Chemist: 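Below you will find the structure I want to go over with you.
Just so we're clear, the structure is a prediction, and the values are computed from it rather than from any experiment.
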Amino acid sequence: MFQLLISRYGSRLHDFWYESQKKAKKAARDKGLQSWNDVAVWRDFKPIYIPEDIWTHYLEHVMFERFTRRSQSGVGNRNRPIHGSVTTHTGGSVPFAAHVK
């Protein structure tokens with residue numbers, strides 16, 4: 001049952017945390033902080049709808065070595081050029097049959 005919930009609502013939870021992270025970055029940048037992209041700076045810019053203990057736990061999770069390593073790996077995979085162009089999940093205007101070849 002738990003796996004079903006994760007598979008169904010996992011992307012929404014991911015979107016929730018991503019939006020919260022973007023809001024914290026924006027608030028830090030609007031304050032004029034040079035290190036606005038640093039996770040440690042976000043601690044002071046918690047969204048009002050997230051309790052303090054949960055926000056702290058989330059930031060510890062994001063700063064964990066395994067998370068950062070996987071995140072950097074994903075960035076590298078998304079920006080890797082294949083056949084002379086950067087890959088996208090849609091394949092652009094190339095027909096599916098051309099991708100099969």
Chemist: Please find the pair of heavy atoms, one from Arg43 and one from Leu59, that lie closest to each other, and give the distance.
Modeler: CA-CD1, 3.5 Å
Chemist: Side chains of Ile50 and Phe16, heavy atoms from C-beta outward: is any pair under 4.5 Å?
Modeler: yes
Chemist: Are any non-hydrogen side-chain atoms of Trp55 and Ser20 less than 4.5 angstrom apart?
Modeler: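 Counting from C-beta outward, Trp55 and Ser20 do come under 4.5 Å.
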Chemist: Is any side-chain heavy atom of Phe45 less than 4.5 Å from a side-chain heavy atom of Lys25?
Modeler: no
Chemist: Drop me the distance from Lys22's NZ to Arg29's CZ, to the nearest 0.5 angstrom.
Modeler: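 Here the rounded value is 10.0 Å.
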Chemist: Applying a strict under-4.5 Å side-chain criterion to I, L, V, M, F, W and Y, I'd like to know whether Tyr18 and Tyr49 cluster together.
Modeler: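 No.
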